[in-house]
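Below is one structure, written out as structure tokens, with a few remarks after it.
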There are 2 protein chains.
Amino acid sequence: MAERISDAEHAVMEVLWDDSPLTAQDVAERVDPARGWSAATVKTLLGRLLAKEAVRHDVDGRRYLYSPAVQREEYVEGESRRLIDRLFGGRLTPLVAHLAERDALTEQDITEIEALLRELKQ
Amino acid sequence: MAERISDAEHAVMEVLWDDSPLTAQDVAERVDPARGWSAATVKTLLGRLLAKEAVRHDVDGRRYLYSPAVQREEYVEGESRRLIDRLFGGRLTPLVAHLAERDALTEQDITEIEALLRELKQ
DNA sequence: CTGGCATGATTACACCTGTAGTCGATAGGA
DNA sequence: TCCTATCGACTACAGGTGTAATCATGCCAG
């Protein structure tokens with residue numbers, strides 16, 4: 001469980017998180033075209049994700065219908081935690097401070113986050 | 001320039017960001033003991049970081065004194081951006097929301113971030 | 001002066017990753 | 001019934017990564 005999902009594999013997961021179950025061909029058609037992948041590449045990635053138990057497949061005749069076996073939430077949580085632990089000593093505040101300094105926060109971002117935090121305090 | 005710094009290499013960079021210049025041996029002694037690395041491993045990583053031009057070395061007799069060639073700020077910026085782009089469509093708010101939902105924010109975090117945002121608005 | 005030790009360079013090697021081609025089976029059309 | 005298009009499985013292969021041993025060289029102690 002929970003073997004690390006690589007970057008290329010992640011692109012496949014995004015397709016399945018968006019809609020599933022899908023055949024390998026469906027996935028190949030929907031995956032980010034910027035990748036420029038052949039259908040064979042997508043099949044390989046699906047195979048690896050199966051081996052990692054990050055997706056499952058239901059048999060439909062002689063093909064598979066793939067679905068995510070890990071939730072996006074779960075993946076996002078892991079990746080976020082990893083980054084924040086590695087770079088910010090596990091604290092979110094320095095990340096926000098960092099982005100703020102780099103002008104990476106718009107006025108709207110700030111307002112949204114403030115509203116969010118206000119809700120949290122109740 | 002700016003070839004990707006791997007995870008193991010990052011552990012070495014942290015040592016140099018904390019204090020530099022250092023000899024290879026110094027680095028080996030200070031690197032996170034949890035890694036359990038032999039001195040040889042640290043030397044390999046320093047060599048690779050040199051090749052990537054992420055560190056530079058000044059010659060000191062027959063040894064090197066290593067220093068970072070990329071700033072921590074720069075690295076942190078790149079990694080943060082990468083994550084936020086990949087997982088949150090480039091926006092910070094969903095990240096904060098996400099962590100909030102997962103109870104990953106303490107009362108103190110919230111207070112600190114609020115104070116930070118208040119300052120930003122001025 | 002000489003031998004051993006420290007140091008960077010070179011080499012090693014298995015596993016992961018990105019990218020894709022080939023193979024064997026099979027379902028569906030002619 | 002038989003051929004072919006399709007599908008997953010298997011194979012391929014170069015480059016990156018984690019982890020480390022070995023090699024060559026030059027400095028210092030004896």
Side-chain angles (χ1 to χ4, degrees), chain A residues 1-16 20-67 69 75 78-79 82 86, chain B residues 1-16 20-67 69 75 78-79 82 86:
Chain A
M1 34 42 180
E3 280 188 74
R4 203 108 162 59
I5 292 173
S6 81
D7 196 69
E9 289 159 4
H10 171 235
V12 169
M13 291 303 293
E14 286 293 348
V15 173
L16 290 173
S20 78
L22 294 178
T23 66
Q25 193 173 11
D26 286 339
V27 174
E29 278 162 16
R30 297 184 193 197
V31 85
D32 179 5
R35 298 270 183 173
W37 280 335
S38 78
T41 299
V42 174
K43 282 193 207 173
T44 300
L45 293 172
L46 281 169
R48 289 181 184 170
L49 286 167
L50 266 183
K52 291 182 181 179
E53 294 182 62
V55 310
R56 22 177 221 87
H57 59 322
D58 299 307
V59 179
D60 169 41
R62 61 196 214 76
R63 9 179 243 177
Y64 291 163
L65 295 179
Y66 296 90
S67 308
Y75 175 75
E79 294 297 299
R82 181 187 312 276
R86 253 186 354 126
Chain B
M1 36 69 182
E3 282 188 74
R4 202 110 162 59
I5 292 172
S6 80
D7 197 69
E9 289 159 4
H10 171 234
V12 169
M13 292 303 294
E14 286 293 348
V15 173
L16 290 173
S20 77
L22 293 178
T23 65
Q25 193 174 13
D26 285 339
V27 175
E29 279 163 15
R30 296 184 194 197
V31 84
D32 180 4
R35 297 272 184 173
W37 280 335
S38 78
T41 298
V42 174
K43 282 192 203 172
T44 299
L45 293 172
L46 282 169
R48 288 179 184 170
L49 286 167
L50 266 182
K52 291 183 181 180
E53 295 182 61
V55 309
R56 18 176 226 86
H57 60 321
D58 299 307
V59 178
D60 169 42
R62 60 196 216 75
R63 10 180 242 180
Y64 290 163
L65 294 180
Y66 297 90
S67 308
Y75 175 75
E79 295 296 301
R82 180 187 314 277
R86 255 188 351 128

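Keep in mind the model is a prediction, meaning the values are calculated, not measured. Every chain is numbered from 1, with letters handed out A, B, ... down the list of sequences.
- In this structure, CG of B/Leu45 is placed 15 Å from P of D/dG16, rounded to the nearest angstrom.
- As a whole-Å value, the separation of A/Arg63 CZ from D/dA9 P is 14 Å.
- For B/Gln25, no side-chain nitrogen or oxygen approaches OP1 or OP2 of C/dA6 to under 4.0 Å.
- Note on B/Ser6: only backbone sugar-phosphate atoms sit closer than 4.0 angstrom, heavy atoms only; bases stay farther off.
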Do A/Glu9 and A/Glu3 pass the side chain to side chain contact (heavy atoms under 4.5 Å, CB included) test, and can you show the C-alpha distance, the side-chain angles, and the key distance before you say yes or no? CA-CA 12 Å; A/Glu9 289 159 4; A/Glu3 280 188 74; over 6 Å; no
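- In the model, A/Thr41 has no side-chain atom that pairs as donor or acceptor with a side-chain atom of A/Thr44 under 3.5 Å.
- Between B/Tyr64 and A/Arg35, the residue whose closest nucleotide on DNA chain C is further toward the 5' end is B/Tyr64.
- Closest approach to the A/Ala40 side chain among C/dG21, D/dG18, D/dG8 is made by C/dG21 (side chain taken as heavy atoms from C-beta onward).
- Heavy atoms of B/Ala24 sit under 4.0 angstrom from primed sugar atoms or phosphate atoms, though from no base atom.
- The nearest whole Å value for the distance from the NE2 atom in A/His10 to the P atom in C/dG18 is 12 Å.
- Contact annotation for A/Thr41: base contact, defined as any heavy-atom pair under 4.0 Å involving a base atom.
- A/Ile5 places its CD1 atom 12 Å from the P atom of C/dG18, with the value rounded to the nearest Å.
- Between B/Asp26 and B/Arg63 no salt bridge is recorded (no basic side-chain N to carboxylate O distance below 4.0 Å).
- Contact annotation: side chain of B/Arg48 to base of C/dT10, donor-acceptor pair absent below 3.5 Å.
- Look at CG on B/Asp26: it is 13 Å from C1' on C/dT7, rounded to the nearest Å.
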Listed pairs, N/O of protein and of nucleotides 27-30 of chain C, under 3.5 Å:
| residue | atom | partner | partner atom | Å |
| --- | --- | --- | --- | --- |
| C/dA27 | O4' | A/Arg62 | NE | 3.3 |

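- One atom, NZ of A/Lys43, and another, P of C/dC23, lie 14 Å apart when rounded to the nearest Å.
- When each of B/Trp37 and A/Thr44 is assigned the nucleotide of DNA chain D bearing its nearest heavy atom, the one mapping closer to the 5' terminus is A/Thr44.
- Whole-Å rounding puts the B/Asp7 CG to C/dC16 P distance at 15 Å.
- Ring orientation note: the planes of A/Tyr64 and A/His57 are nearly perpendicular, at an angle over 60° on the 30°/60° scale.
- As rounded to whole Å, 9 Å separates atom P of D/dT17 from atom CD of B/Glu3.
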